[in-house]
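Step one of this worksheet: look at the structure below.
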Amino acid sequence: MHEFALAQAVVAEVEKIVEKGYRVEKLRIYLGELQSVDREVFEQYVSMMLREVQENVDVEYVDEEAEFSCRVCGYKWSLSELELDEDEREAIHFLPEAVYSYVKCPRCSSRDYAIERGRGVRISIEYSE
Amino acid sequence: MHEFALAQAVVAEVEKIVEKGYRVEKLRIYLGELQSVDREVFEQYVSMMLREVQENVDVEYVDEEAEFSCRVCGYKWSLSELELDEDEREAIHFLPEAVYSYVKCPRCSSRDYAIERGRGVRISIEYSE
Amino acid sequence: MSRHYTVLDPRLEGAKKMLSSVSRIIAVMSSKGGVGKTLFSAVFASIASRKGFRVGLLDLDITNPGLHVVLGIDPLSIQPGEEKGITPVSISRLEFMSTVFYTRDNPSPMRGTSVDNAIREVLAATRWSRLDILVVDTAPGLSDVAISTLEYFPGVEVVVVATPSRLSINSIEKLLKLLSEMKYKKYLVENMSSGNLLVDLARKYHTVYLGSIDYYREVEEYIGDIEKLVSSRFGRSVEEIANKIL
Amino acid sequence: MSRHYTVLDPRLEGAKKMLSSVSRIIAVMSSKGGVGKTLFSAVFASIASRKGFRVGLLDLDITNPGLHVVLGIDPLSIQPGEEKGITPVSISRLEFMSTVFYTRDNPSPMRGTSVDNAIREVLAATRWSRLDILVVDTAPGLSDVAISTLEYFPGVEVVVVATPSRLSINSIEKLLKLLSEMKYKKYLVENMSSGNLLVDLARKYHTVYLGSIDYYREVEEYIGDIEKLVSSRFGRSVEEIANKIL
Ligand SMILES: Nc1ncnc2c1ncn2[C@@H]1O[C@H](COP(=O)(O)OP(=O)(O)O)[C@@H](O)[C@H]1O
Ligand SMILES: Nc1ncnc2c1ncn2[C@@H]1O[C@H](COP(=O)(O)OP(=O)(O)O)[C@@H](O)[C@H]1O
Ligand SMILES: [Mg+2]
Ligand SMILES: [Mg+2]
Ligand SMILES: [Mg+2]
Ligand SMILES: [Mg+2]
Ligand code: NI
Ligand code: NI
Ligand SMILES: [Zn+2]
Ligand SMILES: [Zn+2]
C-alpha cells in the first residue's frame with residue numbers, strides 16, 4: 001500500500017519535533033479528497049508508527065473536499081462534478097497532479113486551473129516545551 | 001515613463017467594468033514597495049485617464065511594504081534589509097522578478113524565496129449596479 | 001442596488017491594450033528543447049521585416065533567454081526606452097524585447113509563479129509600435145511559459161518546431177494534442193532534418209506542414225550575426241517557410 | 001510552558017526517509033534544452049548498473065518526460081508496484097520511476113506549483129531499494145524542476161551536460177554560476193562535439209571536466225533499445241566518462 005509512505009512522511013515530521021525535545025500535543029491530519037487515501041489503512045499505519053515516536057499523541061483526521069478553480073474563466077468546481085473512470089482515479093490517487101492529464105474546466109475546457117483545496121495529505125501540529 | 005503603462009492597465013480594468021454598465025464606487029490601488037513606482041507621476045496618469053472613463057471615481061492609494069520569505073530556511077525579510085545599487089533598483093522597477101538575479105536570502109543565501117507582499121501594482125474595485 | 005467587490009491583477013487588461021497595436025501574433029513553440037525555436041524565431045522575424053512587414057520579437061523563455069545571443073546584443077550596453085511604457089530595442093529592423101535587459105544576463109532562477117508574473121509584467125508594460133507581426137519565442141516543456149503564451153495573446157497562431165527524432169516526436173505529439181483541443185491555428189516546421197518525415201504527424205493533428213530545414217553546420221559561426229544568418233542556407237530555408245504564412 | 005503551532009507539508013521529511021536508502025544522488029542538469037540530458041541519464045545509469053552498482057533512474061522532467069522513450073517502455077502496459085510506498089519499475093537492471101506512469105503519456109500541462117507538488121509527491125512516495133546511485137534526469141530552464149532538484153536531494157552531485165554551441169554556453173554559464181554559489185559538487189559533460197571545447201568553461205567555474213561525446217548519427221535508431229545504446233559508440237563514450245566518477 002502506498003498509504004504507508006504517506007503515513008511515514010507524517011510521522012517523520014512528528015519525530016523531527018519530538019527529537020528537538022518538544023512534546024506533540026495535537027496532530028491534525030487533513031486528507032484531501034482528490035488523492036482519496038484509504039483512510040482506515042492510513043490511520044492504522046499512522047498510529048502504529050506514531051507509537052514508536054511518542055506515546056499518546058492526540059490525532060484528529062479532517063476530510064478536505066477538493067475544489068478546483070479555473071484560471072481562465074474563474075469557474076469553481078468540486079470532484080463530484082467530474083466523471084473519472086477507475087484508471088484515472090487510480091492514477092490521481094498516486095499522483096494528484098495527474099488530474100491535469102484527464103480533467104478540463106467543465107465550463108471553458110481550459111487545463112489551466114488550480115487545485116485550491118483538498119489535494120492530498122497535509123498536517124498541522126501543536127507542541128509544547 | 002513606464003508608469004503610464006501601469007496606470008493604463010489599472011484604468012483598463014475600470015473601463016471594463018464601466019462598459020458592462022456598472023458604476024465604480026471605489027478604486028483601491030496597492031503600490032508595492034519592490035517596484036517603487038513614481039507615485040506622483042502614476043497618480044497623475046491614473047486621474048487623467050480615469051476622467052475619460054467615469055467621473056468622480058473615489059481612488060485610494062495604499063503603499064504595500066515588500067516582504068520576502070525564504071522557501072529553504074523560512075527567514076522573512078523586508079526591502080530595507082537589502083543593499084541594492086542604483087542599476088539593480090532600476091531593473092527591479094521595470095521587472096520586479098529581476099530581484100532573483102540580484103538578491104539571495106540574507107540568512108541562508110538561497111534564491112528560492114517568495115515575494116510575499118509588495119511586489120507591484122494591484123487593485124481592488126467596488127462597484128454597483 | 002447591489003454592491004460588488006473584486007480584487008484584480010490589472011496586467012492582463014493592460015496587455016490587451018498594448019497588444020491591440022499588433023495585427024498578428026505568432027508564437028514559436030515546442031515542448032521539446034533544443035529543436036531550434038530560438039534560432040527560427042530570430043531568423044523568421046528578421047526575414048519578415050526584410051519583406052517590408054513591421055515586426056516585433058519577444059523572448060518569453062524567461063529563465064533561459066537566448067534571442068539576444070542570436071541577435072548579437074549585449075544586454076549590458078543597450079536598454080529599452082521609456083515612452084508611455086517600455087519601448088523595445090530597435091535592432092536590425094526589428095523591435096526586440098526580452099527580460100534579459102533587466103536580469104542583465106545574470107542567472108534568473110524563478111519558480112513558475114514568478115515566470116508568469118514576469119510575463120504579465122512585460123506584456124502590460126511593453127509598448128510596441130503598430131506591428132504587422134509579433135513573433136514570440138517560448139520555453140520548452142508544458143509549464144508556465146507555454147500555458148501563459150496560449151492564454152495571454154489574443155488570436156495567437158502557433159508555429160511548432162520539431163526535429164524528427166523519436167524523443168522529439170513523443171513530446172511534440174502531446175503539444176499538438178493540446179493545441180487541437182484548444183482550436184489554435186497551428187503550423188509545423190521540421191528542423192535539422194534532411195527529409196519530410198513529419199508530414200503525417202502534422203496531418204494527424206490537422207496542422208499545416210510548412211516544410212523542412214536541413215542541419216547546416218555553418219549556422220553555429222553565424223550565431224550573433226543576424227544578417228549572416230538571414231542570408232545563409234538556413235535563412236533561405238526559413239524564407240521558403242515564411243513565404244507560406246506571410 | 002509555551003505552546004507552538006505549525007502547518008506542514010510532510011512530504012519533504014518523507015522524501016528524506018525514502019532517500020536514506022540511496023548512497024549517492026547524481027542529477028543530470030542543463031539550463032539548455034536538447035543537449036542530451038535524457039539520453040545521457042539513461043545510458044549512464046544503465047552502464048553503472050552493468051558495472052555492478054545498484055542503480056535507480058528517476059525522470060523529473062514532469063511536463064516533458066523522455067526517459068521511458070529512451071528505455072523503450074510503454075507506460076500503458078507496465079506500472080510501478082505498491083509495497084510500503086510506490087516501488088519503481090524494474091527494467092534492464094535498473095529501478096525506474098517516472099510520473100508518466102500516471103499521466104499515461106497524455107499531455108500533462110502544469111504550472112510550476114503543480115510541477116513542484118508532483119516532485120514532492122514522487123519523492124515522498126517512491127520506495128527505492130538500497131541503491132548505490134540514483135540518477136535524476138531534469139528539465140531545461142532554471143525553474144521549478146531545477147530549483148527543487150537542487151533543494152530536495154541531500155548531497156546531490158550535478159552532472160551538467162552542454163554542447164559547444166554559443167547558445168548553450170551562454171545558458172550553461174548561468175547554471176554553473178548558480179551551482180558555484182551553492183557549493184555543489186559538479187561535473188561537465190560536453191555532448192555532440194568533436195573536440196574538447198568546454199574545458200576552459202569548466203575550469204572557470206571549478207567544475208570537473210569529464211570529457212566529450214561525439215555526435216553519432218546511429219543513436220537515433222537505437223532510441224527505445226537501451227541495450228543497443230549501451231553497446232553503441234555513444235555508450236562507449238559514456239562509459240569512459242562514467243569510469244571517472246563511479
Ligand atoms: N537547422 C539547423 N542547423 C544547424 N544548427 C541548428 C539548426 N537549428 C538549430 N540549430 C542549433 O541547435 C541548437 C538549438 O537551437 P535553439 O534555437 O537554441 O533551440 P531551442 O530554442 O528550441 O532550445 C542551437 O545551438 C542552434 O544553433
Ligand atoms: N551524442 C549524440 N549523438 C547523436 N544524437 C544525440 C547525442 N546526444 C543526444 N542526441 C539526440 O539529441 C536529441 C536531444 O537529446 P535529449 O537527451 O532529449 O536532450 P535533453 O534531455 O537535454 O533535452 C535527442 O534526439 C537525442 O537522441
Ligand atoms: Mg492500487
Ligand atoms: Mg529610468
Ligand atoms: Mg530557445
Ligand atoms: Mg530531456
Ligand atoms: Ni495507495
Ligand atoms: Ni518607470
Ligand atoms: Zn474555465
Ligand atoms: Zn533562507
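The structure presented is a predicted model; accordingly, all values stated were derived computationally and were not measured. Any value given below was found using the heavy atoms of this structure, including those in side chains, with hydrogens, waters and symmetry copies removed. Naming convention: chains lettered A, B, ... in sequence-line order (proteins, then strands); numbering from 1 in each chain.
For C/Tyr184 and C/Phe153, the ring centers are positioned 6.0 Å apart or more.
Heavy atoms closer than 4.5 Å to chain C are found in the side chain of B/Arg119, but not in its backbone. Of the two parts of B/Tyr22, only the side chain, counted from C-beta on, holds a non-hydrogen atom closer than 4.5 Å to a non-hydrogen atom of chain C. Looking at B/Gln35, the atoms closer than 4.5 Å to chain C (heavy atoms on both sides) all sit in the side chain, from C-beta outward. Interface remark: B/Ile92 contributes no atoms to any contact with chain C (heavy atom separation under 4.5 Å). Contacts between B/Leu6 and chain C at a heavy-atom distance below 4.5 Å involve the side chain alone, from C-beta outward.
Among the candidates C/Thr87, C/Leu8, C/Thr103, the residue making the largest number of heavy-atom pairs closer than 4.5 Å to chain B is C/Leu8. Of the residues considered (C/Thr126, C/Asn106, C/Thr6), C/Thr6 shows the highest number of contacts with chain B, using heavy-atom pairs under 4.5 Å. With chain C as the partner, the residue from B/Ile115, B/Asp87, B/Val121, B/Val11 showing the most heavy-atom pairs under 4.5 Å is B/Asp87. Chosen from B/Gln8, B/Arg122, B/Glu3, B/Arg111, the residue pairing most often with chain C at heavy-atom distances under 4.5 Å is B/Gln8. With chain B as partner, the option from C/Arg127, C/Gln79, C/Arg104 having the largest number of non-hydrogen pairs under 4.5 angstrom is C/Arg104.
Around atom CD of B/Glu60, more than 12 heavy atoms belonging to other residues, nucleotides or ligands sit under 6.0 Å away. Atom CD of B/Glu116 sits in a crowded spot, with more than 12 heavy atoms from other residues, nucleotides or ligands closer than 6.0 Å.
Checked by atom type, the side-chain pair B/Asp38/B/Tyr45 shows no donor-acceptor distance below 3.5 Å. Between C/Tyr102 and C/Glu121, the side chains place no donor N or O within less than 3.5 Å of an acceptor N or O (distance only, hydrogens not considered). If you check the side chains of B/Ser78 and B/Glu65, you find no donor sitting under 3.5 Å from an acceptor. If you check the side chains of B/Glu25 and B/Ser128, you find a donor sitting under 3.5 Å from an acceptor.
Using a 4.0 Å cut-off between charged nitrogen and carboxylate oxygen, B/Lys16 and B/Glu19 do not count as a salt-bridge pair. Salt bridge present: B/Lys26 and B/Asp58 bring a charged side-chain N and a carboxylate O closer than 4.0 Å.
The aromatic rings of B/Tyr127 and C/His4 lie parallel to each other, their planes meeting at an angle below 30°, with 60° marking the opposite boundary. Using the six-membered ring where Trp is involved, B/Phe68 and B/Trp77 have ring planes that are parallel, under 30° apart on the 30 and 60° scheme.
Residues of residues 17-25 of chain C placed with any heavy atom under 4.5 Å of a heavy atom in chain B are listed by number as C/Lys17, C/Met18.
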